Structure formats: C-alpha cells, structure tokens
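A short worksheet on the structure shown next.
No hydrogens, no waters, no symmetry mates; every other heavy atom, side chains included, goes into these values. In this text the structure is predicted, and so the values were computed from the model without any measurement. In what follows, every chain begins at residue 1, and chains take the letters A, B, ... in the order their sequences are listed.
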Amino acid sequence: MGWDAFGLPAENYAIAHKVHPADATAKNIKRFKTQMMAAGLSYDWSRELSTADPAYYQWTQWMFVQMFHRGLAYKAEKPITWCPSCKTTLANEDLENGKCERCHSQVERRLMKEWMIKITDYAERLLDEVRLLEWPESVKEMQRNWIGRSEGYEFDFRIEHRHELLRVFTTRLDTLYGVTFVVLAPEHPLVEAITAPEQREKVKHYVRVVTNKTDLDREAQKEKTGVFTGAYAIHPATKERIPIWIAEYVMMNYGTGAVMGVPAHDERDFEFAKRFDLPVKEVVSEQGIPRGSLDRAYVAKGILVHSGPFDRLPAHEAAAKIAQFIGAHPAVKYRLEDWEFARQRYWGEPFPLVFCPECEKRVRRGETKCRGKAYSKGELQNPGWIGVAEAQLPVKLPNVKSYAPTGTGESPLAAMKAWVKTRCPKCGGAAQRETDTMPQWAGSCWYYIGFALGRQKLKLKPSQAKLFWDRKALKYWLPVNFYVGGVEHATRHLIYARFWHKFLYDIGVMPSKEPFAKLVNQGLILGPDNEKMSKSRGNVINPDEVIKQYGADTLRMYEMFMGPLEATKPWDTQGIIGIHRFLNRLYALFEEATRKRKPSGKKMGERPTSSEPGTKQRINQALHRAIKKVGDDILALRFNTAISTLMELQNVISISHHKLSARDMRSMMKTMLILVFPFAPHLASELWSSVEKTLIEKQRWPKYSTVLVAEQRVTYAVQVNGKLRDTLAARADASEDEVVARARAGAKIASWLAGKKVRHTIFVKGKIVNFVV
RNA sequence: GCCUGGGUGGCGGAAUGGUUUACGCGCAAGACUCAAAAUCUUGUGAGAGCAAUCUCAUGUGGGUCCGAAUCCCACCCCAGGCACCA
C-alpha cells in the first residue's frame, strides 16, 4: 500500500479542518490503515510507502532533476489555467468540463511563467505503444483521443507588405484553392504587428474581450465571432490577396494558432464566412462536377475542381502534389499539451532547483561551463536555473505555520526567507530556491517502482542512485502484471505515469517500456439512491458501520457478489443480508459437520456410519464442479459468479448432508472452507483452526476430478420447430439414434408430431433435439 | 456532433448460437413462537385456464439460422469520454 499523500486533496482537507497537512495526512493514513486491516485486505505492509516521506520524495526530486538536465523541463510564459479557489495553476489534465477537478470552481487563464514538462516529446510513443497494453479498450481509446494525433501539412503564407511569414497547419491541403480568408487565434504573436492602423482599435477591443473570457465561456460561444485585421496574406498558389482575420474559434494552443479558411469544405469556416459575408469557393466535389452553390460545407473527400492544374485529381493525390508545388511539408500535430507542473501551494515536493543570477549572466553570455562544471542542457535552456546536486537531495519541505495558499501567484514557501536563500550548486554564489511545489501526480508517477525496490532502497541517498536502481528487482516485479484502478485515471495518472516510466527507460534505469501491462477498471459503488456517494447527498455507506453490523467478511463478500467487477452499481442495503445468511449457514453447517453442536431446528438423528452412496456421489460432484468453477472464476475476476457457485454448493449440501458419514461431511466441508477463504478469510480460518492445527492460507487450492466434473446425465431440450415442447433425461454418452428415438416416443412430442412430416432432425450432443416439420 | 460501453423479472444480476431469468434480495403462504424478530419449508416473469397445458416476453423494427439476449442492418434510450483540434 502506498499513500499518495502530497497535493491538493490532502492540503484542501487540512485547510478546511484547520490542521497542518502533515498532521492531517498522518491521521488519515492511520485511519485508512485501520479500516483496511479490519476488512482483512492483505497488503504487504513491509513495502508500505508515502509520497510525502522525504525518503520517498528525494527520489521524486532526483527523477525530476534528471528530466531538467536533459531539457525536458522548462519555464516559459504561457496562458496557464488558474484555479481562483485553490489559488494555483493547474494542468489540462486537472480540469473536468472546464472546471477544477478538485473544487469544481470555474478556472481562468492567466499569463504566467511556470515549470512545464515536455510530455509532448513523448506524444508519439505514448500513442503508439498503447498497442502493447492489455487495457480496457475504452481507456486505450481515451488515451488516443487525449493525445489526439493528426497528420497534415504545414506551410507559410506571405503577408502583404511585411517580411514575417504566417505558418498554418492543415489536414486538407487538397482544399487549398478554396481558401478565401486566413484566421489567427486572438493570442497569436503576429496579431499586433500585422494589424492595420484603421483596424487597431477594433482588434484591441476584440482581443481584450476574448482573452478575458473563461474557457467555459469560450466553449459556450455558439455564434462565430471575429474581426478583420486589415492585413492580407498572399495565396501561395494563386497569388490572390486573402484577408487575415482573428477569431476565437481558432485556438492558440493547437497547431500553429493560425488556419487557412476554406468555407466550402469546413463547417466552422463555412459558418464564419456566412457570418462575415466572405466568399465561399467550391474546390472539391463528389464526382468532380461542381454543385455551383453550397448550403453547407461539403467536408467529405472527393475530386478537385476549380483548382488550376490540380483539377480532377482525387484528394489524397492532390494534397501531395499541391504540397510539392507550394513547398508545404508534412507535419503531425497533437492535441496533448505540455504538462503544467508547478503548484503555488505548500503541500508538495519542493523543486530541486535554484535560481542563480550570476550563472544566468554566464549562460546568457554563452558560457557553457562554470568552475570546470559544464552546464546541463536544461541549465542552458533555462538561464540561471541550476539543478540541485544529488548529494544535496532531498530538498526538504520546511515546516511552516502559515501554509494557506496566498493567491499572489507565489507559494507560501516564498515567505520563508531563510529557506529560500541558498548557495548555487554550480558557482557557490548566492541563489534562491524555487518556491513552487510539484503537483500531486509527481509522487504517484512511480510508486509502483517504490514497491518493487522496497523500503531499504528508498532509504539510500540519491548520490547512491546506482545502488537504488536494482535491475534484478525491477525485472522481477515490473511491468506491473495487473493493475486495478478507477477509470478516472485514464487521462491523468495513467498518462503521466506512462510518460514518467518511459523517461526512466530512456535514461537506462528502467528495463521495461510500459509500467502497467494489464489494467482493469473496477466499477464505482454508488449510494443506495444510485448516485455517487457524497457527504452532501448523505448517501455515504460507511464501511465501519457495515463491519459493525455484519462483520468484515460479509462486507467483502457482498462487494464482490453485487455484480461484475467492472460494473458501476448501487449499494443495496437490503441485499447484503443474503451474504450474511450464507455465512451464518456455513457456520452452522460446519458446526454440524464437526458435531460441536446439535443441529438446530428439526430433530436429526445420528449421522450414519457410512454415507449413502447416491448422496455422497451427488454432493461430491457438486463440490468438484465448485472447485473448478470457483477457481476459474477467480482467475477471470468473476467474483460474483464464484460466490453464486459457493451458494449453490451450500444449497446442495444442506439438503441432504445428514445422509453423509461424519468423516465424509467433515472432509467435504474442509474443502469448501478453502474455496470460501479468499472471500471470507476471517470465518474460514476461524472454522479451519477449530479442527486443524495448520493455517488455512497455507493449504493448496484443491484439485478437482475431471471424472466428477464431467456430466454423466444430461437433460436434452426437445424442440419442435425450434420451440421447446419437452425435456428428456439421458446418459451423457447416449447415442444420437437412441436419444432421438426416445425423444420422438415421448407422449408430448408424439402429439406435436402427429399428422406431420418430420423434414429434418437437429441433434446437438448433450443439449438439444429439434424436429423440423 | 464524434468515440467507447450498455439496455434481460419488482431490484442486483446469470446465460456470448441450444430449456431465458442461475445465485441473491424483495414479496406471498406455511412451520416454530403467547407474539414479534431470527431461523426453516414452499412458491414467485406476464397473460389465459379448475387443471394438464397454451400464448407472449431479453429497448424498438427488420434480417440470417432448424434455433438469436447472443450474429447482421436501421433506429431509440441510458452512462462515460472528447469536443470550434484546423
């Protein structure tokens, strides 16, 4: 078990309850642990870890600093998501429908300079290597959509009277001759430079209005809006003058932030052209014959028309030829953006980075080393930022009195002058620590590696990294064979962790390419009202209460019995009694079997000295089928049907067990206990230990007899024209002729067949006879 | 709008081409009890019938097949994801 203890969830809780996050976290861990132990969850507690433990987060810092040195982390001014309630920047992945996933506040965009991780460098591999994963198709698809690859071309428009070039990305270069305008995102860096003096006021006003909108407002905007810049681009093929507009429907964070407007063949461009009365020029049609006028965009691919030398070419061929003609080059774009990695909050891993003004000057002067120590790629790309040396890790999170977020864009750590002030690891000069902290995802990106390596390894110093990366252990344990987790991680933790793992693979410390080989999403248990459990709804089922009322075994077993593991299903307060009854009957049955107690209810005679053979055979068969079915079901994670099978077995035993000898009954019940043990370990081991000195968990899973499991007598369904008219009991090995003859002879069937001609007879061994008349 | 799941009794669900509704809950009747709870027994898809039995039923409509909850086509509804992605 690992405690993902840093980050917003823990800190927001601490603030709400006016306790220090470290204390709140410690208290909650203790409570969770008590609950888990009460439920009998058998984790290997010797490998327990917490992401907020310095022994753990020193390695998180070590990994980050490796990324930094290799140029994967950068500080750049960008419009970043800001949550006004959590008072911190957030990553795209932290949003849910444009709102903060933690507190559901409406977020804003703020121009800020924060640490970003170049996860986009890994976009291609994150996408491609999804194929290596045995994951639910839905999650794989969510990841593919999140990464969002699209292939197209990039090319530049010349701008009339200016030397700058305007780069656009398109997936439909075949529609180039249909371009009647160009659109820039309002935040596009060229907007100010190219805007004509007479349009300046209008453009400024528009940009201000649009950039003040929240993302949600911008999404809600249905009508197209925009404004003409007064500038013109030159069409690369026809050399026509093309008006340049800006509009909020073009996003700065995708592609190049500029698009070619082809109203005839793009729905959005069509809408925009209609709104602002721009020309619509048809250049693709289904059969190569122009329609003349379009009442909506024709977006399908087709044959080119009105496209100069490219007329009559099919789309794909045309795109390649046009690219050659105008000098466009193939390009791939991703929806995935770089990972906003800084939080202006207290409760997180401090960055292992310092800012050194002297080193900044040296790097800016073009020096590549300082006192004989070379600057890393990351240090050269981020002038002044220096990675903390391995020997100085961890950078411990200082204890503060005032941990509440400030809202100023600086974390509470910035107020800790003594902590902030430090020496540059490169030049020894005065330097300042980075005061932002890492997001809660950082620690959870590699906790499974922590489990694999064990606690002793975590306690090593980062300067002993070579010892830390125990290749043998990593090869033995990883990739994780089987990961059970909620689907809410699909485009968050599971993207980040895959990236993190691939980075560790690249630097040679991790032997596998992917962290989690097989994934299953367990369904959410809803409240009895079929809604997500929440305090405010008052529909929370507290496991402590359930355990108090029914015991831990009933709780565990009922959770498994409710339905398939993957299904989301409501807690049924009444349904749990069924499991409780099952366990009580098992207890009573076992007591009877071991003769510790007189059977309750009906008077029952002594057990016979030897079992009644038919009964013994019947019960034994049921037992062996259960051994097979329960075993198979557990491996296939079908716990609900495994439990049904145990109930069926118990029903068979309880009907006629009094015809079994004490010895037989006892031995069968002991086997059943082993089957029950994974589901109800407390009761099973209690009963086991009442008759055995061994431990039930040390027992081997029973073997079933294939002879007993095989059906000896079967019931045939007898149909006439596919409709069930009779059933027929027969030996499993009875021949077709025999079964068909007997089926035909049955009184019911005879009457259905009377006066009709049987055209043919279908026989499926062990299952069915069907007379077609 | 696009993508991914899913739709079976009063309820949770079982069955992935062969007796639809296993198992459990609930409900009804009975036993035990002064009574209740607990426990045990029996019954329980819908409709018709005294009954044997028959007809209908797996979101809707069509198709394939001796036979469809299951395979194919079209549509409807529910849940989740993405969404002005050029």
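- One can place NZ of A/Lys140 at 24 Å from P of B/G80, the figure rounded to the nearest angstrom.
- To the nearest whole angstrom, the two C1' atoms, one in B/U16 and one in B/G6, are 15 Å apart.
- Taking every heavy atom of both residues into account, A/Pro263 and A/Phe181 meet most closely at CD-CE2, 3.7 Å.
- Judged by the 6.0 Å distance and 45° axis criteria, A/Lys224 is not positioned over the aromatic ring of A/Phe272.
- One finds no side-chain N or O of A/Lys765 lying less than 4.0 angstrom from the OP1 or OP2 phosphate oxygen of B/G18.
- Put simply, A/Asn640 has a side-chain N or O that comes within less than 4.0 Å of OP1 or OP2 on B/A14.
- Side-chain N/O atoms of A/Trp146 and A/Glu93 include a donor and acceptor closer than 3.5 Å.
- Rounded to whole Å, atom C1' of B/C84 lies 5 Å from atom CE of A/Met251.
- Between the CD1 atom of A/Ile525 and the P atom of B/G12 there is a distance of 14 Å, rounded to whole Å.
- Atom CG of A/Leu526 and atom P of B/G12 are 12 Å apart (whole Å).
- In this structure, A/Asn770 does not reach the B/U19 phosphate: none of its side-chain N or O atoms is under 4.0 Å from OP1 or OP2.
- Distance, A/Glu93 CD to B/G81 C1': 14 Å, rounded to whole Å.
- Between the base of B/C82 and the side chain of A/Asn145 there is no donor-acceptor pair shorter than 3.5 Å.
- Look at A/Arg335 and you'll find a side-chain N or O under 4.0 angstrom from OP1 or OP2 of B/A83.
- Phosphate proximity of B/A22 to A/Arg638: absent, as no side-chain N or O sits under 4.0 Å from OP1 or OP2.
- Atom CE in A/Met142 sits roughly 15 Å away from atom C1' in B/C2 (whole-Å rounding).
- Of the two residues near RNA chain B, A/Pro570 and A/Met260, the one whose nearest nucleotide lies more 5' is A/Pro570.
- For A/Arg581, a side-chain nitrogen or oxygen approaches OP1 or OP2 of B/C25 to under 4.0 Å.
- Each of A/Lys569 and A/Thr170 was matched to the nucleotide of RNA chain B holding its nearest heavy atom; the match closer to the 5' end belongs to A/Lys569.
- Rounded to an integer number of Å, the gap from CG of A/Leu95 to P of B/C82 is 10 Å.
- Between A/Trp752 and B/C54 there is a side-chain N or O to OP1 or OP2 distance below 4.0 Å.
- Base orientation of B/G67: anti (glycosidic angle beyond 90° from 0).
- Put simply, A/Lys723 has no side-chain N or O that comes within less than 4.0 Å of OP1 or OP2 on B/G18.
- With salt bridges taken as basic N to acidic carboxylate O contacts below 4.0 Å, one links A/Arg149 and A/Glu151.
- A/Lys333 has a carboxylate O that lies under 4.0 Å from a charged side-chain N of A/Glu154, or vice versa, which qualifies the two as a salt bridge.
- Ion pair A/Lys78/A/Glu337 not flagged as a salt bridge, since none of the NZ, NE, NH1 or NH2 atoms sits closer than 4.0 Å to an Asp/Glu carboxylate oxygen.
- The nearest whole Å value for the distance from the NZ atom in A/Lys767 to the C1' atom in B/A15 is 11 Å.
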